[in-house]
Amino acid sequence: MSHPASAGRYFVPQPSHWPLVGSFALLLLASGAVLMMNSIANGGFVLMGGFAVLALMLFGWFGRVIGESEGGSYNVQVDRSFRWAMSWFIFSEVMFFVAFFGALFYIRVVAIPDLASPEQAALWEGFQDSWPSAGPGASDPFSKMHAWGIPAINTLLLLTSGATLTWAHWGLVAKKRQQLILGLALTIALGVLFLGLQVFEYREAYGHMNLKMTTGVYGSTFFMLTGFHGFHVTLGVTMLTVILFRVLKGHFTAERHFAFEGVAWYWHFVDVVWLGLFIVIYWL
(Lines give C-alpha, C1' and ligand atoms only; values in the text may rest on other atoms or scores of the structure.)
Protein backbone atom coordinates (compact mmCIF):
# COMPACT_ATOMS: atom_id res chain seq x y z
CA MET A 1 0.00 0.00 0.00
CA SER A 2 1.17 3.54 -0.68
CA HIS A 3 1.75 5.98 2.15
CA PRO A 4 -1.09 8.40 2.94
CA ALA A 5 1.28 11.23 2.12
CA SER A 6 1.73 9.99 -1.43
CA ALA A 7 -1.92 9.00 -1.87
CA GLY A 8 -3.22 12.36 -0.70
CA ARG A 9 -5.11 10.90 2.26
CA TYR A 10 -5.03 12.14 5.84
CA PHE A 11 -2.93 9.88 8.04
CA VAL A 12 -4.84 8.04 10.78
CA PRO A 13 -2.50 6.34 13.28
CA GLN A 14 -3.05 2.87 14.68
CA PRO A 15 -4.49 2.54 18.23
CA SER A 16 -1.84 3.29 20.85
CA HIS A 17 -1.28 2.32 24.47
CA TRP A 18 0.69 5.49 25.25
CA PRO A 19 -2.34 7.55 26.37
CA LEU A 20 -3.01 4.90 29.04
CA VAL A 21 0.62 5.08 30.14
CA GLY A 22 0.32 8.86 30.35
CA SER A 23 -2.84 8.60 32.45
CA PHE A 24 -1.09 6.24 34.85
CA ALA A 25 1.80 8.69 35.11
CA LEU A 26 -0.60 11.50 36.04
CA LEU A 27 -2.22 9.27 38.67
CA LEU A 28 1.18 8.59 40.24
CA LEU A 29 2.14 12.27 40.11
CA ALA A 30 -1.09 13.42 41.77
CA SER A 31 -0.99 10.65 44.39
CA GLY A 32 2.67 11.28 45.20
CA ALA A 33 2.12 15.02 45.54
CA VAL A 34 -0.83 14.50 47.91
CA LEU A 35 1.14 12.00 50.00
CA MET A 36 4.09 14.39 50.25
CA MET A 37 1.92 17.39 51.19
CA ASN A 38 0.42 15.33 54.00
CA SER A 39 3.82 13.98 55.13
CA ILE A 40 2.83 10.38 54.42
CA ALA A 41 5.63 7.86 53.98
CA ASN A 42 6.88 6.99 50.48
CA GLY A 43 5.11 9.96 48.88
CA GLY A 44 8.36 11.10 47.33
CA PHE A 45 8.98 7.68 45.76
CA VAL A 46 5.48 7.66 44.26
CA LEU A 47 6.06 11.15 42.85
CA MET A 48 9.42 10.18 41.34
CA GLY A 49 7.81 7.08 39.88
CA GLY A 50 5.24 9.29 38.23
CA PHE A 51 7.96 11.40 36.65
CA ALA A 52 9.73 8.25 35.44
CA VAL A 53 6.57 6.84 33.83
CA LEU A 54 5.85 10.25 32.28
CA ALA A 55 9.35 10.37 30.78
CA LEU A 56 8.85 6.85 29.40
CA MET A 57 5.54 7.90 27.85
CA LEU A 58 7.03 11.02 26.25
CA PHE A 59 10.00 9.08 24.88
CA GLY A 60 7.83 6.30 23.47
CA TRP A 61 4.98 8.39 22.11
CA PHE A 62 7.10 11.10 20.52
CA GLY A 63 9.42 8.41 19.19
CA ARG A 64 6.48 6.83 17.41
CA VAL A 65 5.46 10.19 15.93
CA ILE A 66 9.03 10.79 14.76
CA GLY A 67 9.09 7.36 13.15
CA GLU A 68 5.83 8.05 11.32
CA SER A 69 7.13 11.41 10.11
CA GLU A 70 10.46 10.05 8.91
CA GLY A 71 8.65 7.13 7.29
CA GLY A 72 6.75 9.46 4.98
CA SER A 73 3.31 9.00 6.52
CA TYR A 74 2.55 12.70 6.92
CA ASN A 75 1.29 14.95 4.15
CA VAL A 76 0.44 18.65 3.88
CA GLN A 77 -2.82 18.21 5.80
CA VAL A 78 -1.03 16.66 8.76
CA ASP A 79 1.60 19.39 8.65
CA ARG A 80 -1.16 22.00 8.74
CA SER A 81 -2.83 20.32 11.73
CA PHE A 82 0.50 20.29 13.59
CA ARG A 83 0.92 24.01 12.94
CA TRP A 84 -2.56 24.80 14.22
CA ALA A 85 -2.00 22.62 17.29
CA MET A 86 1.29 24.35 18.15
CA SER A 87 -0.27 27.76 17.56
CA TRP A 88 -3.12 27.04 19.97
CA PHE A 89 -0.70 25.60 22.52
CA ILE A 90 1.42 28.75 22.46
CA PHE A 91 -1.76 30.85 22.67
CA SER A 92 -2.74 28.95 25.83
CA GLU A 93 0.71 29.68 27.24
CA VAL A 94 0.28 33.36 26.41
CA MET A 95 -3.00 33.40 28.34
CA PHE A 96 -1.28 31.62 31.25
CA PHE A 97 1.21 34.46 31.61
CA VAL A 98 -1.42 37.12 30.88
CA ALA A 99 -3.25 35.93 34.01
CA PHE A 100 -0.17 36.45 36.19
CA PHE A 101 0.69 39.78 34.57
CA GLY A 102 -2.91 40.82 35.13
CA ALA A 103 -2.70 39.86 38.81
CA LEU A 104 0.47 41.93 39.21
CA PHE A 105 -1.16 44.89 37.43
CA TYR A 106 -4.19 44.68 39.73
CA ILE A 107 -1.99 44.53 42.84
CA ARG A 108 0.15 47.51 41.87
CA VAL A 109 -2.48 49.75 40.30
CA VAL A 110 -5.62 48.91 42.29
CA ALA A 111 -5.04 46.94 45.49
CA ILE A 112 -1.99 48.68 46.98
CA PRO A 113 -3.30 52.24 46.40
CA ASP A 114 -6.69 51.25 47.83
CA LEU A 115 -5.17 49.72 50.98
CA ALA A 116 -3.13 52.90 51.49
CA SER A 117 -6.10 55.22 50.97
CA PRO A 118 -7.58 57.30 53.84
CA GLU A 119 -10.69 55.10 53.77
CA GLN A 120 -8.58 52.11 54.84
CA ALA A 121 -6.52 53.96 57.47
CA ALA A 122 -8.51 52.46 60.31
CA LEU A 123 -7.55 48.97 59.14
CA TRP A 124 -3.98 49.57 57.97
CA GLU A 125 -2.69 52.64 59.74
CA GLY A 126 0.59 53.89 58.34
CA PHE A 127 0.54 51.67 55.24
CA GLN A 128 1.96 53.57 52.24
CA ASP A 129 1.34 53.30 48.52
CA SER A 130 4.77 52.19 47.32
CA TRP A 131 6.29 49.39 45.31
CA PRO A 132 7.85 46.98 46.02
CA SER A 133 5.65 46.17 48.97
CA ALA A 134 5.01 42.98 50.87
CA GLY A 135 1.55 44.29 51.67
CA PRO A 136 -0.06 45.55 54.88
CA GLY A 137 0.85 43.72 58.05
CA ALA A 138 4.26 42.56 56.77
CA SER A 139 7.18 43.61 58.93
CA ASP A 140 10.29 41.72 57.76
CA PRO A 141 12.59 43.97 55.69
CA PHE A 142 13.69 42.80 52.27
CA SER A 143 15.64 44.12 49.30
CA LYS A 144 14.21 44.72 45.82
CA MET A 145 15.66 42.75 42.94
CA HIS A 146 17.30 45.32 40.67
CA ALA A 147 17.37 45.11 36.89
CA TRP A 148 20.97 46.00 36.13
CA GLY A 149 22.82 42.87 37.15
CA ILE A 150 21.99 39.24 36.52
CA PRO A 151 18.55 40.11 35.06
CA ALA A 152 20.16 42.35 32.42
CA ILE A 153 22.73 39.66 31.60
CA ASN A 154 19.97 37.06 31.31
CA THR A 155 18.06 39.39 28.98
CA LEU A 156 21.11 39.64 26.74
CA LEU A 157 21.53 35.85 26.83
CA LEU A 158 17.95 35.17 25.75
CA LEU A 159 18.00 37.80 23.01
CA THR A 160 21.24 36.32 21.71
CA SER A 161 19.75 32.82 21.85
CA GLY A 162 16.88 33.99 19.66
CA ALA A 163 19.41 35.23 17.11
CA THR A 164 21.44 31.99 17.17
CA LEU A 165 18.27 29.93 16.72
CA THR A 166 17.23 32.04 13.73
CA TRP A 167 20.74 31.61 12.31
CA ALA A 168 20.37 27.85 12.74
CA HIS A 169 17.05 27.99 10.88
CA TRP A 170 18.70 29.84 8.03
CA GLY A 171 21.30 27.08 7.90
CA LEU A 172 18.58 24.43 7.68
CA VAL A 173 16.79 26.22 4.84
CA ALA A 174 20.10 26.76 3.01
CA LYS A 175 21.07 23.08 3.54
CA LYS A 176 24.10 24.05 5.65
CA ARG A 177 24.06 21.32 8.30
CA GLN A 178 27.12 22.57 10.20
CA GLN A 179 25.56 26.02 10.61
CA LEU A 180 22.35 24.34 11.79
CA ILE A 181 24.17 22.19 14.35
CA LEU A 182 26.33 25.04 15.63
CA GLY A 183 23.35 27.41 15.92
CA LEU A 184 21.34 24.84 17.88
CA ALA A 185 24.26 24.04 20.18
CA LEU A 186 24.84 27.73 20.92
CA THR A 187 21.14 28.27 21.64
CA ILE A 188 21.09 25.36 24.09
CA ALA A 189 24.26 26.58 25.80
CA LEU A 190 22.81 30.08 26.21
CA GLY A 191 19.60 28.62 27.66
CA VAL A 192 21.53 26.50 30.18
CA LEU A 193 23.62 29.52 31.17
CA PHE A 194 20.41 31.53 31.68
CA LEU A 195 19.07 28.86 34.02
CA GLY A 196 22.34 28.69 35.95
CA LEU A 197 22.31 32.45 36.52
CA GLN A 198 18.67 32.32 37.61
CA VAL A 199 19.51 29.67 40.21
CA PHE A 200 22.32 31.92 41.46
CA GLU A 201 19.89 34.85 41.58
CA TYR A 202 17.44 32.82 43.68
CA ARG A 203 20.20 31.85 46.09
CA GLU A 204 21.14 35.50 46.49
CA ALA A 205 17.50 36.45 47.01
CA TYR A 206 16.98 33.88 49.76
CA GLY A 207 20.42 34.13 51.36
CA HIS A 208 21.25 37.85 51.31
CA MET A 209 18.13 39.83 50.38
CA ASN A 210 15.49 38.11 52.53
CA LEU A 211 13.36 37.93 49.39
CA LYS A 212 11.36 34.71 49.57
CA MET A 213 8.08 33.19 48.45
CA THR A 214 6.73 34.21 51.87
CA THR A 215 7.75 37.88 51.45
CA GLY A 216 4.18 39.01 50.99
CA VAL A 217 2.73 39.91 47.64
CA TYR A 218 6.03 41.09 46.14
CA GLY A 219 7.86 37.85 46.88
CA SER A 220 5.01 35.63 45.73
CA THR A 221 4.51 37.44 42.41
CA PHE A 222 8.27 37.69 41.77
CA PHE A 223 8.92 33.97 42.23
CA MET A 224 5.66 32.92 40.57
CA LEU A 225 6.39 34.81 37.34
CA THR A 226 10.14 34.24 37.12
CA GLY A 227 9.84 30.65 38.35
CA PHE A 228 7.26 29.64 35.77
CA HIS A 229 9.31 31.36 33.10
CA GLY A 230 12.36 29.38 34.22
CA PHE A 231 10.30 26.19 33.92
CA HIS A 232 9.41 27.16 30.34
CA VAL A 233 13.07 27.82 29.54
CA THR A 234 13.90 24.37 30.92
CA LEU A 235 11.23 22.82 28.71
CA GLY A 236 12.52 24.79 25.72
CA VAL A 237 16.11 23.66 26.31
CA THR A 238 14.89 20.06 26.52
CA MET A 239 13.01 20.34 23.23
CA LEU A 240 15.97 22.02 21.52
CA THR A 241 18.23 19.21 22.72
CA VAL A 242 15.89 16.64 21.21
CA ILE A 243 15.89 18.59 17.94
CA LEU A 244 19.71 18.70 17.98
CA PHE A 245 19.93 14.92 18.40
CA ARG A 246 17.48 14.49 15.53
CA VAL A 247 19.58 16.78 13.35
CA LEU A 248 22.68 14.75 14.18
CA LYS A 249 20.77 11.63 13.04
CA GLY A 250 20.06 13.30 9.69
CA HIS A 251 16.43 14.26 10.26
CA PHE A 252 14.76 17.30 8.63
CA THR A 253 15.12 18.75 5.17
CA ALA A 254 14.95 22.29 3.86
CA GLU A 255 11.36 21.64 2.77
CA ARG A 256 10.02 19.56 5.69
CA HIS A 257 11.09 20.54 9.22
CA PHE A 258 8.05 21.60 11.20
CA ALA A 259 9.32 20.02 14.44
CA PHE A 260 12.23 22.46 14.31
CA GLU A 261 9.90 25.35 13.50
CA GLY A 262 7.49 24.49 16.31
CA VAL A 263 10.27 24.47 18.90
CA ALA A 264 11.62 27.72 17.44
CA TRP A 265 8.18 29.35 17.84
CA TYR A 266 8.12 28.23 21.45
CA TRP A 267 11.62 29.55 22.14
CA HIS A 268 10.83 32.96 20.66
CA PHE A 269 7.67 33.06 22.79
CA VAL A 270 9.83 32.44 25.88
CA ASP A 271 12.11 35.30 24.79
CA VAL A 272 9.20 37.74 24.44
CA VAL A 273 7.76 36.78 27.83
CA TRP A 274 11.13 37.43 29.45
CA LEU A 275 11.26 40.92 27.97
CA GLY A 276 7.91 41.64 29.61
CA LEU A 277 9.15 40.20 32.91
CA PHE A 278 12.34 42.23 32.79
CA ILE A 279 10.43 45.46 32.27
CA VAL A 280 7.57 44.85 34.72
CA ILE A 281 9.26 42.83 37.46
CA TYR A 282 12.80 44.15 37.55
CA TRP A 283 12.82 47.58 35.91
CA LEU A 284 9.58 49.40 36.78
Side-chain angles (χ1 to χ4, degrees), residues 1-14 16 18 55 58-91 93-94 154-196 232-275:
M1 293 179 63
S2 60
H3 286 297
S6 60
R9 300 191 302 272
Y10 193 90
F11 175 72
V12 179
Q14 294 296 318
S16 173
W18 291 116
L58 292 174
F59 186 84
W61 203 347
F62 287 136
R64 176 173 175 175
V65 172
I66 291 170
E68 292 168 349
S69 176
E70 292 299 309
S73 297
Y74 296 161
N75 58 11
V76 176
Q77 287 181 314
V78 178
D79 183 84
R80 187 182 301 117
S81 70
F82 282 158
R83 291 176 185 274
W84 272 108
M86 193 65 186
S87 299
W88 281 113
F89 170 68
I90 292 177
F91 176 75
E93 294 288 271
V94 170
N154 271 345
T155 301
L156 179 61
L157 290 176
L158 278 189
L159 291 176
T160 304
S161 72
T164 56
L165 185 57
T166 301
W167 184 64
H169 194 188
W170 291 347
L172 176 56
V173 174
K175 301 180 181 180
K176 298 178 180 179
R177 304 292 289 190
Q178 291 302 315
Q179 178 179 325
L180 169 61
I181 294 171
L182 180 58
L184 278 171
L186 287 173
T187 305
I188 294 168
L190 290 169
V192 171
L193 183 56
F194 173 94
L195 292 172
H232 283 75
V233 173
T234 303
L235 183 59
V237 168
T238 303
M239 292 192 294
L240 286 169
T241 303
V242 172
I243 294 297
L244 177 58
F245 279 118
R246 290 191 61 188
V247 168
L248 292 174
K249 291 188 65 175
H251 294 188
F252 307 125
T253 65
E255 297 78 19
R256 299 179 63 86
H257 54 264
F258 172 69
F260 178 97
E261 285 185 292
V263 175
W265 293 356
Y266 185 86
W267 191 256
H268 292 311
F269 155 74
V270 170
D271 289 351
V272 173
V273 170
W274 177 257
L275 287 177

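For the single chain, residues carry numbers from 1 onward in sequence order. The model shown is predicted, which means the values in this text are computed figures rather than measured ones.
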Full working for side-chain contact (heavy atoms from CB on, under 4.5 Å) between Phe269 and Phe91: CA-CA 10 Å; Phe269 155 74; Phe91 176 75; over 6 Å; no
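- In this structure, Ala254 and Val173 approach most closely via the heavy-atom pair CB-O, 3.4 Å.
- Scored by the salt bridge (Lys or Arg N to Asp or Glu O under 4.0 Å) test, Glu70 finds Arg246 as partners (sequence neighbours excluded).
- In this structure, Ser73 contributes its side chain and Ser69 its backbone to no donor-acceptor pair below 3.5 Å.
- Every residue was checked against the side chain to side chain donor-acceptor pair (under 3.5 Å) condition with Arg80, not counting sequence neighbours, and none meets it.
- For the pair Tyr74 and Arg256, the tightest heavy-atom approach, listed with the atom from each and the gap, is O-NH2, 2.9 Å.
- Residues Thr238 and Thr241 fail the side-chain proximity criterion, which asks for heavy atoms closer than 4.5 Å.
- Ile243 has its side chain within reach of Phe252: a pair of non-hydrogen atoms, C-beta onward, lies under 4.5 Å apart.
- By the 4.5 Å heavy-atom criterion applied to side chains, Phe245 and His251 are not counted as neighbours.
- Residue pairs satisfying the side chain to side chain donor-acceptor pair (under 3.5 Å) criterion with at least one member in residues 81-91, sequence neighbours excluded, are listed as follows: Tyr10-Ser81, Asp79-Arg83, Arg83-Glu261.
- Residues forming a salt bridge (Lys or Arg N to Asp or Glu O under 4.0 Å) with Arg64 (at least two apart in sequence, or on another chain): Glu68.
- A 4.5 Å side-chain heavy-atom check between Phe89 and Tyr266 finds at least one atom pair inside the cut-off.
- Across all their heavy atoms, Arg177 and Val247 have their closest contact at NH2-O, 3.1 Å.
- Remark: His268 engages no residue in a side chain to side chain donor-acceptor pair (under 3.5 Å) (not counting sequence neighbours).
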All N/O donor-acceptor pairs, side-chain side in residues 178-190, below 3.5 Å, sequence neighbours left out:
residue	atom	partner	partner atom	Å
Gln179	NE2	Trp167	O	2.8
Thr187	OG1	Thr164	OG1	2.7
Thr187	OG1	Leu165	N	3.3
Thr187	OG1	Gly183	O	2.7

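- Pairing each heavy atom of Thr253 with each of His257, the nearest pair is O-ND1, 2.8 Å.
- The CG atom of Leu244 lies 10.0 Å from the CZ atom of Phe260; values are rounded to the nearest 0.5 Å.
- Rounding to the nearest 0.5 Å places CZ of Phe59 at 8.5 Å from CD1 of Ile66.
- Side-chain contact between Ile90 and Met86 is present, with at least one heavy-atom pair separated by less than 4.5 Å.
- The two residues Trp267 and Gly191 make their nearest non-hydrogen contact at CH2-CA, 4.0 Å.
- Side-chain atoms of Asn154 never come within 3.5 Å of backbone atoms of Leu157 as a donor-acceptor pair (strictly under, hydrogens ignored).
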